[in-house]
Amino acid sequence: MPNHHEGQLLTAPFNMDTLEMSRVDPGLGEEIRNLRKARRLTLGALAEATGLSTGFISQIERAQNRPSVTALFRISRALGVSVSWFFPGPEASNPNASDPDSPDQNTADRSIIVRRTERRAIAYDDGIRDELLTPGLGGKLELLSCRFAPGSGVDTVYAHEGEEAGLVLSGVLELWVGDAHHRLEAGDSFAFDSATPHRYRNPSETETIVIWALTPPSF
């Protein structure tokens, strides 16, 4: 995956009412499980990182228990996301929210469609922002919009399971795959086996935007 985690996670704004809605959402457990698996963490590893019991986390993932606000903060931090990751999409961003017959009110629609204003995002203090373009992490494919501030990138070479591909929408991206170094500009695309050591950065003085696909999901 685009491993942007050398920077520090920035906390997104939220309010307690929205957090409470997320805490009691029946789909919360599945979201936590999918993100944990995408992070390649076992239940035991997540339990150790949060200080919660393995059994309690398992119950949350199976919708047999609800996390407290404190527990949800611990889980989100251990999974490398802001707690706002688990918030439901804002109804205010849906132009048809007041129409009960609108297909956008259908759960099936939200399992297929991601509205531009409802993307889940992670921002880092080194100037990188990831937006999830697929509805969730439970499938076999993940699609991201990655925005790189000037000079931002990953200096550490890394490798992992899967494949990835991308399209540079704007700006410049330097990409190292194995022993090869590539410079990509707007309109250029790439694909490689993620098991090959790789890294990347934006060497320019303007923002770079890349649409990045990964399989399996590893957000």
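Two residues are said to be in side-chain contact when any heavy atoms from C-beta on lie closer than 4.5 Å; Trp176 and Val157 fail this criterion. Two residues are said to be in side-chain contact when any heavy atoms from C-beta on lie closer than 4.5 Å; Arg39 and Val81 meet this criterion.
When hydrophobic clusters are built by joining Ile, Leu, Val, Met, Phe, Trp and Tyr residues whose side-chain heavy atoms come closer than 4.5 Å, directly or via intermediates, Leu41 is grouped together with Leu137. Criterion: ILVMFWY side-chain heavy atoms under 4.5 Å apart, direct or through other members. Under it, Leu169 and Tyr200 are not part of a common hydrophobic cluster. There is no path of hydrophobic side-chain contacts, each under 4.5 Å, that joins Trp212 to Ile209. Hydrophobic cluster membership is shared by Ile75 and Phe73, with clusters built from Ile, Leu, Val, Met, Phe, Trp and Tyr side chains linked at under 4.5 angstrom. Hydrophobic clustering of Ile, Leu, Val, Met, Phe, Trp and Tyr side chains at less than 4.5 Å, counting indirect connections, unites Ile32 with Leu35.
Of the possible polar contacts, one joining the Asn202 side chain to the Thr206 backbone as a donor-acceptor pair under 3.5 Å is found.
Taking both residues in full, the closest heavy atoms of Pro216 and Arg40 are given as CG-NH2, 3.8 Å, listed atom of the first, atom of the second, then distance. What you find for Leu72 and Pro67 is that their closest heavy atoms are N-CB, 4.2 Å. Scanning both residues, Arg129 and Ala121, for their nearest heavy atoms gives NH2-CB, 3.2 Å. Residues Pro135 and Ile112 approach most closely at CG-O, 3.5 Å, considering heavy atoms. Contact between Leu43 and Arg36 at its shortest, heavy atoms only, is N-NH1, 3.5 Å. When every heavy atom of Ile128 is checked against every heavy atom of Gly153, the shortest pair comes out as CD1-N, 4.0 Å.
Around the CD atom of Glu48, the shell of radius 6.0 Å holds no more than 12 heavy atoms that belong to other residues, nucleotides or ligands. Crowding of Gln59 atom CD: a count of heavy atoms from other residues, nucleotides or ligands under 6.0 Å exceeding 12.
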Name each donor-acceptor pair under 3.5 Å that joins a side chain in residues 179-193 to protein atoms two or more places apart or in another chain, with its distance.
{"from": "His181", "atom 1": "NE2", "to": "Glu174", "atom 2": "OE2", "distance (Å)": "3.1"}
{"from": "Asp188", "atom 1": "OD2", "to": "Glu185", "atom 2": "N", "distance (Å)": "2.8"}
{"from": "Asp193", "atom 1": "OD1", "to": "Ala195", "atom 2": "N", "distance (Å)": "2.8"}

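Residue Asp130 holds its CG atom at 7.0 Å from CZ of Phe148, rounded to the nearest 0.5 Å. Here Ile113 contributes atom CD1 and Thr134 contributes atom OG1; the two are 12.0 Å apart, rounded to the nearest 0.5 Å. Between the CG atom in Leu214 and the CD atom in Glu161 there is a gap of 12.0 Å [rounded to 0.5 Å]. Ile122 contributes atom CD1, which lies 10.5 Å from atom SG of Cys146 (distance to the nearest 0.5 angstrom). Going from atom CG of Leu46 over to atom CZ of Arg74 covers 11.5 Å, rounded to the nearest 0.5 Å. Taken to the nearest 0.5 Å, the CZ atom of Arg120 stands 13.0 Å off from the CD atom of Glu131.
Ring geometry for His198 versus Tyr158: interplanar angle of 30 to 60°, hence tilted.
The salt bridge (Lys or Arg N to Asp or Glu O under 4.0 Å) test applied to Glu207 returns Arg147, not counting sequence neighbours.
When each of Leu144, Val114, Ile211 is checked for a side chain to side chain contact (heavy atoms under 4.5 Å, CB included) with Leu133, only Ile211 meets the rule.
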